[in-house]
Amino acid sequence: MVPSWRSPAPVAPEPGAAGAGNGFGAVDGVPVPSPPMAKAPVLTPQADDFPRWYQDVLAKAELADNGPVRGTMVIRPYGYGIWERMQAEVDARIKAAGAENAYFPLFIPQSYLTREAEHVEGFSPELAVVTHAGGKELDEPIVVRPTSETVIGEFMAKWVNSHRDLPLLLNQWANVVRWELRTRLFLRTSEFLWQEGHTAHATEEDARAYALRIHLDVYQDFMVNVLAMPVYIGRKTKQERFAGATNTLACEAIMRDGKALQMGTSHELGQNFAKAFDITYQSVEGTQEMAWTTSWGSSTRMIGGLIMVHGDDKGLRVPPRLAATQAVVMVIRDDDGVVEAASALTDELRAAGVRVRLDDRTDTSFGRRATDWELKGVPVRIEVGPRDLANGEVTVVRRDSSEKHQAAVAGLAATVPGLLEDIQAAMLAEATAFRDANTAEVATIDEARAAAQTGFAKIPWATLGVAGEAELAKDAITVRCIQRPDGSVPTSEDEPGNIAIVARSY
RNA sequence: CGGGGUGUGGCUCAGCUUGGCAGAGCGCUGCGUUCGGGACGCAGAGGUCGUGGGUUCAAAUCCCGCCACCCCGACCA
């Protein structure tokens, strides 16, 4: 954790710390104002109270607010800008994998859900159901989609007739609703935004290979190379599998408090949905065959992961490849020629391909603006003031390391893209080092339980097993995924040498 | 669904024990001085104290009901 430049300020006496304190000293019942104290930190330090820090970041970086209905979320422009960048990067990878975007309805007939036994069982507790519409009670209740396997299955059945129609590779960007009891902005909300892919294939091998391809080429690649976030990839245990899937693959990332966050999943659905919705095709030989389907998704939860993997006590840190604003040019004050110089530099940076913004709000103090950009996590800040300018220089500040240096204005723009790549690499290296330092290799269940208090534990799956999984569950520790010793995704959970990664999770 | 707690300007809360003019900090508006690390001064705006009833000369404060939200124990991207 990078220390703040400000000395750690003594925090105001905690109300309640001394009986029913009122935050003030009291002499004979007369409230006395607290003595002058050092300025409080902008954010609750992570080490003091991580959940509080997370909420502070959401508010101060203007990412999101709670919606009026319990568990709902308002995504503010800065937060939505991050989502739009995520969408652009993920969407490009999905299309590169051959899938096309489409859109299916928000409303699903309740009867669809009931066609796949495990699927209904898994989702019924969290369904929002419409029973009245147009002023009348509906004959058949309508479910607000918690995911779209069922409606899409219905249409796949209609569109797939021949082996020539396969594979059918679809994706949609949509909102879904899952009535959650315990909610946290971005991590678990009753409504969230995501991308859900749905595909149908002629063979099990083809479906399995595609689910894995999406997992590696879309999710893992995006998370590592754009989010600068190392992820463990592997199979879910039967216990953790998606309702209705025959196999679930997951990307698991470690947050700075040591807890795991599932960042994206890819499912092999076998023929479960094909049977339920009658997705069949005529083979080359002329026989009727049942298709094999997959589904895969990633959501606005990734924004929560971004915050908790890269954030520090000064706020968010956005990796340059993701950042909608990669660099901000700050006019320190409205002095002779400063605005002009800053504006010219901004143009040069833009011409050099940098997503740059000019901050010429000189009616707000420098310190306030600098703090705001740090809270928002803009990777590079370039300060343009009269003092530097007199020497033909500006001050360049990296958000990741807080390192500051002077640089000549002439030729600066050409060096910024390289600096951004350096920052991207440094952030991935830092996050990877953190993950590795907080992943313990253990040999017994007791050791795994202990290690999971502060991070991840790797334990042979043969040692843990279903019984060990159940035992750890009593302490809210779950198997995040099972992987091969080399970190790749096993074909079966029974492969010899398989490793289970266990942790507490969000 | 079981246990604990809280409802007072936009936000965080004090005031309630012991009834007596509705407060503070932050934020917001205006003016001025500032501007290289969350600026400062002055002047302002903003609340039927969750809600319905009761007690009282008088209720944010006491009593009863209701509602909402938050925190801790079984499912989930």
Side-chain angles (χ1 to χ4, degrees), chain A residues 4-6 9 12 15-16 19-24 26 29 31 33-34 38-43 51-52 55-56 59-60 65-66 68-71 121-127 146-147 175-184 186-196 219 236 239-243 248 250-252 261-267 295-305 314-315 330-335 338 361-375 381 383-389 393-395 397 402 404 406 473-474 476 478 505-506:
Chain A
S4 165
W5 68 88
R6 212 173 285 118
N22 57 9
F24 294 91
S34 304
K39 208 167 283 181
V42 178
L43 301 171
R52 181 86 172 271
Q55 292 197 19
D56 285 355
K60 299 269 176 111
D65 260 328
N66 282 299
V69 171
R70 177 188 159 72
E121 196 189 330
F123 280 105
S124 23
E126 42 187 330
L127 290 181
T147 178
N175 59 338
V176 283
V177 168
R178 299 178 185 180
W179 219 251
E180 300 285 354
L181 302 167
R182 190 77 197 83
T183 61
R184 293 186 83 182
F186 289 123
L187 301 175
R188 176 171 297 105
T189 47
S190 289
E191 179 191 7
F192 58 91
L193 307 183
W194 76 348
Q195 142 288 304
E196 52 176 322
Y219 298 146
K236 285 292 189 187
Q239 184 61 230
E240 299 284 322
R241 212 181 271 163
F242 174 77
T248 288
C251 291
E252 296 282 334
L261 184 70
Q262 183 178 130
M263 301 275 296
T265 52
S266 191
H267 314 290
S295 68
W296 25 279
S298 62
S299 72
T300 39
R301 171 180 270 188
M302 291 191 292
I303 299 173
K314 288 196 242 172
M330 287 185 69
V331 174
I332 296 220
R333 50 196 257 184
D334 190 0
D335 257 18
V338 176
R361 299 170 298 162
T362 46
D363 55 345
T364 303
S365 74
F366 167 79
R368 161 67 59 163
R369 289 181 290 141
T371 304
D372 282 348
W373 292 120
E374 277 167 358
L375 282 165
R381 193 169 75 239
E383 303 173 0
V384 183
R387 233 149 58 198
D388 288 338
L389 230 41
E393 295 182 330
V394 293
T395 302
V397 189
S402 295
K404 272 189 196 189
Q406 305 297 117
K474 291 175 194 160
T478 50
S505 72
Y506 278 98

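Since the model is a prediction, treat every value here as computed from it, not as a measurement.
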Base, sugar-phosphate alone, or nothing: which one does A:Ser298 contact when heavy atoms must sit under 4.0 Å apart?
nothing

Atom pair distance, as rounded to whole Å: CZ in A:Arg184 and C1' in B:C71:
13 Å

Close N/O contacts between protein and nucleotides 74-77 of chain B (under 3.5 Å):
from, atom 1, to, atom 2, distance (Å)
B:C76, O2, A:Arg188, NE, 2.4
B:C76, O2, A:Arg188, NH2, 2.6
B:C76, N3, A:Arg188, NH2, 2.8
B:A77, O3', A:Gln262, OE1, 2.5
B:A77, O2', A:Gln262, O, 3.4
B:A77, O2', A:Arg301, NH1, 3.0
B:A77, N6, A:Thr189, N, 3.1
B:A77, N6, A:Thr189, O, 3.2
B:A77, N3, A:Ser299, OG, 2.9

Donor-acceptor pair, side chain of A:Arg178 and main chain of A:Pro146, under 3.5 angstrom
yes

Rounded distance in Å between the C1' positions of B:A59 and B:G53:
13 Å

Taking atom C1' of B:C67 as reference, at what distance in whole Å does atom CZ of A:Arg70 sit?
15 Å

Whole-Å distance separating the CG atom of A:Asp334 from the P atom of B:G36
14 Å

When you compare B:C70 with B:A58, how far apart are their C1' atoms, in angstrom units rounded to a whole number?
34 Å

Is it true that a side-chain atom of A:Ser505 and a backbone atom of A:Leu261 form a donor plus acceptor pair closer than 3.5 Å?
no

Keeping A:Lys236 on the side-chain end and A:Phe242 on the backbone end, is there a donor-acceptor pair under 3.5 Å?
no

Do the side chain of A:Lys404 and the base of B:G37 come within less than 3.5 angstrom through a donor-acceptor pair of N or O atoms?
yes

State which residues pass side chain to side chain donor-acceptor pair (under 3.5 Å) with A:Gln195; sequence neighbours excluded, sorted by chain then number.
A:Asn171, A:Tyr219, A:Ser298

In whole Å, measure the gap between the P atoms of B:G50 and B:U61 for me.
8 Å

If I take atom CG in residue A:Asn66 and atom C1' in nucleotide B:C70, what distance separates them, rounded to the nearest angstrom?
11 Å

Taking atom P in both B:A14 and B:G5, compute the distance separating them and give it to the nearest angstrom.
15 Å

Tell me, yes or no, whether the heavy-atom count around A:Glu191 atom CD, taken from other residues, nucleotides or ligands under 6.0 Å, exceeds 12.
yes

Under a 3.5 Å cut-off for both distances, is B:G19 Watson-Crick or wobble paired, and to whom?
none

When the C1' atoms of B:G32 and B:C71 are compared, how many Å lie between them, rounded to an integer?
47 Å

Partner nucleotide, any strand, of B:G73 [Watson-Crick/G-U, under 3.5 Å]:
B:C1

Ring centres under 6.0 Å, that's the criterion: do A:Tyr506 and A:Phe186 meet it?
no

Examine the base of B:G36 for any acceptor or donor lying under 3.5 Å from a partner atom in the side chain of A:Arg369, and report the outcome as yes or no.
no

Partner nucleotide of B:A39 by Watson-Crick or wobble geometry (both distances under 3.5 Å)
B:U33

N/O donor-acceptor pair under 3.5 Å between A:Arg369 side chain and A:Thr364 backbone:
yes

Check whether more than 12 heavy atoms from other residues, nucleotides or ligands sit under 6.0 Å from atom CD of A:Gln406, and answer yes or no.
yes

Here the pair of heavy atoms bringing A:Lys314 nearest to A:Leu43 is C-CD1, 3.6 Å

Nucleotide forming a Watson-Crick or wobble pair with B:C67, both distances under 3.5 Å
B:G7

Both A:Val394 and A:Gln55 contact RNA chain B. Taking the nearest nucleotide for each, which residue is further toward the 5' end?
A:Val394

Report the distance from atom CZ of A:Arg333 to atom C1' of B:G36, rounded to the nearest whole Å.
9 Å

Taking the C1' atom in each of B:G30 and B:U12, what is the distance between them to the nearest angstrom?
26 Å

Using a 4.0 Å heavy-atom cut-off, does A:Asp372 contact any base of the nucleic acid, only the sugar-phosphate backbone, or nothing at all?
nothing

What is the distance from CG of A:Asp65 to P of B:G27, rounded to the nearest Å?
18 Å

Residue-phosphate contact under 4.0 Å: A:Arg368 side-chain N/O, B:C26 OP1/OP2:
no

Mind checking A:Thr147 for me? I need base, sugar-phosphate or nothing, with any heavy atom below 4.0 Å counting as a touch.
nothing

Return the pairing partner of B:A58 with a 3.5 Å limit on both distances, Watson-Crick or G-U wobble; otherwise return none.
none

Taking the same atom, P, in B:C64 and in B:U6, what whole-Å distance lies between them?
15 Å

Please measure how far the C1' atom in B:A43 lies from the corresponding atom in B:U51, and state the result in whole Å.
37 Å

Using the side-chain heavy atoms of A:Ser365, tell me which of these nucleotides is nearest: B:G36, B:A39, B:G37.
B:A39

Mind calculating the distance between CH2 (A:Trp373) and C1' (B:G36) to the nearest angstrom?
18 Å

